[in-house]
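Data first, discussion second: the structure below is written as structure tokens.
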Protein chains: 2
Amino acid sequence: MNGTKPDYAFNERITLQHVGRAKIHNSGSANLSYGFPAPELLPIEDINQAAAAALVRGNVDALHYTGGKGPELVRKWTLQRLRKFGIEADEDSYLAVYGANQGIELAAQVLLNPGETVWTEASTYFNALHMFRHAGARIEGLPVDRDGLDIDRVESALKQAVQSGGALPKFIYVMPNFQNPTGAAMPLERRRRLAGLAKEYNIFILEDDAYGELRFEGANLPSVYSFAPDRVIYLGTFSKTLGPGLRLGSVIAPNEVIRRMRCLTLDSPPSPVIQEILGWLLHHYDYDAQIKRLTSLYRARRDAMTEAVRSELGEAAAYTQPEGGFFLWLAFPQGTDAERLHRLSEDRGVSFVPGSPFYAAGGNPPFIRLCFSYCGEAEIKRGVKRLGEAYRDYLNKL
Amino acid sequence: MNGTKPDYAFNERITLQHVGRAKIHNSGSANLSYGFPAPELLPIEDINQAAAAALVRGNVDALHYTGGKGPELVRKWTLQRLRKFGIEADEDSYLAVYGANQGIELAAQVLLNPGETVWTEASTYFNALHMFRHAGARIEGLPVDRDGLDIDRVESALKQAVQSGGALPKFIYVMPNFQNPTGAAMPLERRRRLAGLAKEYNIFILEDDAYGELRFEGANLPSVYSFAPDRVIYLGTFSKTLGPGLRLGSVIAPNEVIRRMRCLTLDSPPSPVIQEILGWLLHHYDYDAQIKRLTSLYRARRDAMTEAVRSELGEAAAYTQPEGGFFLWLAFPQGTDAERLHRLSEDRGVSFVPGSPFYAAGGNPPFIRLCFSYCGEAEIKRGVKRLGEAYRDYLNKL
């Protein structure tokens, strides 16, 4: 109660760790850190036309809280589209959200009481870890192999928790398609088994399918949701296919979950204006052709990146070839100081994300994530070349 | 662990109370419940043009996570505009949000640990009450009179809390301009005193200024923020002037608050595409002329409504003439069953919001909120006429 700067107690769960996105470096550098789609394939002209058609006086409700025709158009399109992944859901199971991120946040808030436990893949999407922490969760990571989450380990951990009277997870967060950061995809049988475990142990699965549309090879697989619609919260997004700046995605979940999410969002739909634009676009647009453009480009970029990694790093960096998505996950020999390698690489003008933020436990694991979606092949090759130089530099200075 | 529908424990703080917005009734009814701007004054043609200019290949970053030029244009415009309310802030004190609602939610999450106390005006904005509950707050209401929050009562309550060792509020939520629902505006001296109490007792003020631009009469007053920038979180929005469907507003707050809010939002700006459109619009648009159009129309509608209330309800409904905003708050004689009056009115085809949701304690207080912004004068008159009939019906059936 004096004039000095007061000491004020904020919410204890909010830590000021860095969660910002990488800034755009100078144009000479190679940016392999961004989880961004390729700018040249973002359909801004189509979105421009859709805005011109949708934002008209006859649809002025676009500017009201609940929107005009757009939200229903987006919902119908999405529910139809998701059949591709074995999802049969009605409007009571659907909620539009500001991208998959808001879906993660709402799921965490709806499901978790502080102190309860979430299981994730280790490694996993770092922003999901932040959101689970904000919700007061205890986070435990379970191992991922070349086929994604190791379901044997999930099953034994669940059994052990029951036997020892330990905490079952409130939900398991998983990315079955082209996991961020490892790029792994779960085979059909693992999806089915995971769904079965959710039913058996009465837990939820939070299935983040941000990258599911971006399969370069092989057949699309049914979602985990398709095997246990009562036990799975499925997240989709337009961020990877039309542009993250739209901030629009969807949740498909049991109605008891959706109702609670609606309550948290005050029943206010996200960005009605964006939904008007997208509603018009989706019904006048060849989305499959867009997916084909994206997957063709990303497949070529993945190939350019893996080829460069083989030639620049050889046996030093192991990886599993991702069948889709944005990312290549490199495993360096055990004991490699990835943070140091990161600094040496940045000095040479190549950016990526070292392994640490993808683990709840942090540490300095010998992994790095490279993104192949954002940069052209020349920049990818230049970046990996510099990474190779940085790695040799790192070895020389050991 | 059997096949029956599982019993699952959700977050205990999320209650399934109705928070939805009123649905649009049949066209013959009078809708005085919506806190909506007048559709005929929403500048959809200008927004259409702005979208055409802003969503172009040269600004394709509009579709990326962090946006293109838009967020900076909106920020600069907003910081300049807010000088009108005595706010001198720099970019470290600014955060773009999905409307004032997200500002309330972030403030609650940043400031509150579960079980801590928030003071609000009683009555207050119902969605704020929901968000405080979701954050685990204990809510106490302090009385509002014709000049808004009663600062004498705030001061004595703070003194008493200190003397008795009771809980000081983590923050006080207040709408100094044309409060929702009462329409009251706080005079200059109350603002200054409230700011002084925040400093003296080391608490925050959450100043929701959703309606501040919509003053029909009298001079604009400085914000509470202007008297205590270290102790106030100020919320503004484009919802009442350009359209709620844009979902864009701003927070002005001490940097230590803003940094925590950025952390919670994963440093991802709201709706980059919307910010591109608005950034372009705001720099090519006569915003003051829009404000003049809005305040002229709303002043006339307020007058039509108060005149109708005087002639249809006479002494039965007391009110303070609001000098701005969207709402007229009617006080019926003590003991009036506002819920019953509400049902009788809806049967006659007029909708409004009864007093109960505006109080943390609920109950059935003898108040109703009428909205004059959304409907034309003819509908306002028809609606108040039906309300008068419903009230006489209510009295006859006592």
Side-chain angles (χ1 to χ4, degrees), chain A residues 1 5-6 8-12 14-17 19-21 36 39 42 44-45 47-48 51-52 55-57 60-67 98 101 109-114 127 130 134 200-202 204 230 242-247 259-260 262-264 266-268 270-274, chain B residues 1 5-6 8-12 14-17 19-21 36 39 42 44-45 47-48 51-52 55-57 60-67 98 101 109-114 127 130 134 200-202 204 230 242-247 259-260 262-264 266-268 270-274:
Chain A
M1 304 212 190
K5 181 97 177 172
Y8 195 85
F10 291 97
N11 182 331
E12 292 149 12
I14 298 167
T15 51
L16 281 173
Q17 52 208 318
V19 294
R21 298 176 187 284
F36 282 6
L42 294 179
I44 194 148
E45 294 84 359
I47 288 168
N48 186 308
L55 303 179
V56 293
R57 180 56 56 188
V60 70
D61 283 346
L63 292 178
H64 273 308
Y65 283 102
T66 47
Y98 289 113
N101 273 353
Q109 289 186 34
V110 159
L111 295 175
L112 292 170
N113 290 292
N127 279 334
H130 288 303
H134 292 156
E200 185 180 345
Y201 287 88
N202 190 26
F204 274 102
D230 283 347
L242 299 176
L246 296 164
R247 308 310 309 129
R259 282 188 298 141
R260 284 170 172 82
R262 275 194 211 285
C263 183
L264 269 174
L266 309 170
D267 218 9
S268 180
S271 289
V273 169
I274 295 293
Chain B
M1 303 212 191
K5 181 96 176 174
Y8 196 85
F10 290 97
N11 182 332
E12 292 149 12
I14 298 166
T15 50
L16 281 172
Q17 52 208 319
V19 293
R21 299 177 187 286
F36 282 7
L42 295 179
I44 194 149
E45 293 84 359
I47 288 168
N48 186 309
L55 303 179
V56 294
R57 181 57 55 188
V60 71
D61 282 346
L63 292 179
H64 272 308
Y65 283 103
T66 48
Y98 290 113
N101 273 353
Q109 288 186 35
V110 160
L111 296 175
L112 292 170
N113 290 291
N127 278 335
H130 288 303
H134 292 157
E200 186 180 346
Y201 288 89
N202 190 26
F204 273 101
D230 283 346
L242 299 177
L246 296 164
R247 307 310 310 128
R259 281 188 299 141
R260 285 169 172 82
R262 274 194 211 284
C263 183
L264 269 175
L266 309 171
D267 218 9
S268 180
S271 289
V273 169
I274 295 293

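Scope of the values below: all heavy atoms of this structure, side chains included, with no hydrogens, waters or symmetry mates.
- Of all heavy-atom pairs between A:Gly245 and B:Pro272, the closest is O-CD, 3.3 Å.
- Residues B:Arg247 and A:Arg247 have side chains not in contact (no heavy-atom distance under 4.5 Å, counting atoms from C-beta outward).
- B:Leu63 places a side-chain heavy atom less than 4.5 Å from the side chain of A:Leu246.
- In this structure, A:Phe10 and B:Phe204 have tilted ring planes: the angle between them lies in the 30° to 60° band.
- Among the candidates B:Val56, B:Val110, B:Val60, the residue making the largest number of heavy-atom pairs closer than 4.5 Å to chain A is B:Val110.
- Of the listed residues (A:Ser271, A:Ala62, A:Ala51, A:Pro270), the one with the most heavy-atom contacts under 4.5 Å to chain B is A:Ser271.
- Considering only heavy atoms from C-beta on, B:Ile44 comes within 4.5 Å of A:Leu55 through its side chain.
- Annotation: the span from B:Phe36 atom CZ to A:Thr66 atom OG1 amounts to 4.5 Å, rounded to 0.5 Å.
- Side-chain contact between B:His130 and A:Cys263: absent, with no pair of heavy atoms (C-beta onward) separated by less than 4.5 Å.
- Contact check for B:Arg260 versus A:Asn11: no side-chain heavy atoms found under the 4.5 Å cut-off.
- Looking at A:Leu112, the atoms closer than 4.5 Å to chain B (heavy atoms on both sides) all sit in the backbone: N, CA, C or O.
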